[in-house]
Trainee: 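Please find one structure pasted underneath; my questions will follow.
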Amino acid sequence: CVNRNLPEFKALAKKFDAFPLEIMIMEYQNKNKTNDFPPEDYLKQTIGYKDSYINNNVLDNNLALQLAKTLSDKFKVPYKIMSYKEAKEIHSDIDENVNAFWDGKTGEIILIEGKFNGSTVFHEFTHPLIEHIYQNNNTLFTYLKSQLKNPNGSRMTYLQVKSYLANRGY
């Protein structure tokens, strides 16, 4: 019997119908003589995502991929999509809550398959942008940093940043 109160089960139940999910988990655990849950890819291939999960996430995923490609082309920053397991093999210090990261050594954005969205993509592509500003325009970097540390708690809006950058030829 699968413990439906486990966080792992609850997370998977958002993506898969609960009854077939429970059966597949039990089959997987019996077959592999383990108490571990099967990998999401295994579940996706055997029982498939529930329709509501597909409808809500496919559009988001497609937009996130388009954004990654656009930002990669614009900023000349490569990106890769890989499983958490693959990312962990390369970067042993990441934990399972990581959705994506910028590898400052290689200059690549690493997106964790099934975990990233458009917001994640945008966030990760700001790292090399900020690094570029830091290395090439310390005045702009200092100004942007001061805006973040403003004691009034106000932050520059997108339009203010866009205007500031445009006025300085960026």
Side-chain angles (χ1 to χ4, degrees), residues 6-16 21 24-25 28 32 34-138 140-149 155-158 161-162 164-165 170:
L6 289 173
E8 297 92 336
F9 183 86
K10 288 180 178 182
L12 289 170
K14 291 177 182 176
K15 301 176 181 182
F16 303 96
L21 173 62
M24 195 51 60
I25 290 171
Y28 178 86
N32 295 290
T34 183
N35 289 324
D36 293 339
F37 281 23
E40 187 172 328
D41 285 343
Y42 175 82
L43 294 169
K44 184 171 62 174
Q45 292 171 2
T46 55
I47 59 176
Y49 289 124
K50 58 182 166 181
D51 291 341
S52 61
Y53 178 76
I54 293 171
N55 293 338
N56 291 335
N57 290 290
V58 167
L59 180 60
D60 290 344
N61 290 344
N62 287 338
L63 291 174
L65 289 172
Q66 287 176 352
L67 180 60
K69 180 169 179 10
T70 300
L71 292 174
S72 176
D73 292 346
K74 183 78 172 169
F75 295 136
K76 307 292 186 245
V77 174
Y79 72 96
K80 285 184 183 174
I81 300 170
M82 60 179 62
S83 70
Y84 170 75
K85 183 179 177 183
E86 292 169 316
K88 184 79 172 171
E89 288 173 6
I90 297 169
H91 302 280
S92 60
D93 58 331
I94 66 167
D95 68 42
E96 62 189 35
N97 296 321
V98 171
N99 300 330
F101 58 93
W102 176 54
D103 184 340
K105 291 178 185 173
T106 66
E108 287 182 317
I109 305 290
I110 307 298
L111 304 171
I112 308 297
E113 189 173 52
K115 291 186 148 193
F116 67 91
N117 58 30
S119 179
T120 311
V121 169
F122 184 78
H123 172 93
E124 293 308 326
F125 274 91
T126 63
H127 293 289
L129 174 63
I130 297 300
E131 180 66 24
H132 177 79
I133 292 170
Y134 174 75
Q135 302 233 347
N136 295 288
N137 189 337
N138 200 273
L140 174 58
F141 178 80
T142 303
Y143 175 77
L144 293 172
K145 187 175 169 184
S146 74
Q147 290 299 307
L148 291 173
K149 291 183 174 183
R155 304 237 173 141
M156 292 177 71
T157 66
Y158 166 76
V161 172
K162 184 176 177 182
Y164 181 88
L165 293 173
Y170 285 95

Trainee: Which is it for L43 and F37 under the side-chain contact (heavy atoms from CB on, under 4.5 Å) test, yes or no, and what are the steps along the way?
Mentor: CA-CA 10 Å; L43 294 169; F37 281 23; over 6 Å; no
Trainee: Run the side-chain contact (heavy atoms from CB on, under 4.5 Å) check on H127 and V77 step by step: do they pass?
Mentor: CA-CA 10 Å; H127 293 289; V77 174; over 6 Å; no
Trainee: Going by atom types alone, do N117 and T120 pair a side-chain donor with an acceptor below 3.5 Å?
Mentor: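 Note: N117 and T120 side chains meet the donor-acceptor criterion.
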Trainee: Is the backbone of I133 close enough, under 3.5 Å, to the side chain of N137 for a donor and an acceptor to pair up by distance?
Mentor: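 A pair under 3.5 Å: no.
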Trainee: Could you grab the distance from atom CD of E40 to atom CZ of F16, nearest 0.5 Å is fine?
Mentor: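 Reported to 0.5 Å precision, the distance equals 5.0 Å.
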Trainee: Are there more than 12 heavy atoms of other residues, nucleotides or ligands under 6.0 Å from atom CG of D95?
Mentor: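 Yes, CG of D95 has more than 12 neighbouring heavy atoms, counting only those of other groups under 6.0 Å.
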Trainee: Identify the heavy atoms of A64 and G118 that sit nearest to each other, and give their distance.
Mentor: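 In terms of heavy atoms, the two residues are closest at CB-N, 3.5 Å.
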Trainee: Are any side-chain N or O atoms of T142 and backbone N or O atoms of N138, one a donor and one an acceptor, separated by less than 3.5 Å?
Mentor: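 Between the backbone of N138 and the side chain of T142 there is a qualifying donor-acceptor contact (under 3.5 Å).
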Trainee: Under 3.5 Å, which donor-acceptor pairs link side chains of residues 78-87 to any protein atom two or more places apart or in another chain?
Mentor:
residue	atom	partner	partner atom	Å
S83	OG	E86	N	3.1
S83	OG	E86	OE1	3.3
Y84	OH	E96	N	3.3
E86	OE1	S83	N	2.8

Trainee: Kindly compute the distance separating CZ (F101) from CG (D93), expressed to the nearest 0.5 Å.
Mentor: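 It comes to 8.0 Å.
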Trainee: Calculate, to the nearest 0.5 Å, the distance between atoms CD and CG belonging to E124 and D103 respectively.
Mentor: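 Output value for this atom pair is 11.0 Å.
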Trainee: Set out, in order, the CA-CA distance, both residues' side-chain angles and the distance that settles side-chain contact (heavy atoms from CB on, under 4.5 Å) for N99 and I112, then state yes or no.
Mentor: CA-CA 5 Å; N99 300 330; I112 308 297; 5.6 Å; no
Trainee: Do the non-hydrogen side-chain atoms of P128 and F75 ever get within less than 4.5 Å of each other?
Mentor: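 The answer is no; the side chains never approach within 4.5 Å.
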Trainee: Classify the ring geometry of F141 against Y134: parallel below 30°, tilted from 30° to 60°, perpendicular beyond 60°.
Mentor: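 F141 and Y134: perpendicular rings.
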Trainee: Assess whether side-chain contact (heavy atoms from CB on, under 4.5 Å) is satisfied between L21 and I47, documenting all intermediate values.
Mentor: CA-CA 7 Å; L21 173 62; I47 59 176; 4.2 Å; yes
Trainee: Rounded to the nearest 0.5 Å, how far apart are CZ of F125 and CD1 of I109?
Mentor: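 Nearest 0.5 Å value for the CZ-CD1 distance: 5.0 Å.
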Trainee: In Å, rounded to the nearest 0.5 Å, how long is the span from OG1 of T126 to CG of L71?
Mentor: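 Nearest 0.5 Å value for the OG1-CG distance: 10.0 Å.
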Trainee: What distance do L111 atom CG and L65 atom CG have between them, rounded to the nearest 0.5 Å?
Mentor: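 The CG atom of L65 is 8.0 Å from CG of L111, to the nearest 0.5 Å.
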Trainee: Output all residues satisfying side-chain contact (heavy atoms from CB on, under 4.5 Å) with N32, sequence neighbours left out; order by chain, then residue number.
Mentor: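 Partners of N32 under the side-chain contact (heavy atoms from CB on, under 4.5 Å) test: Y28, T34.
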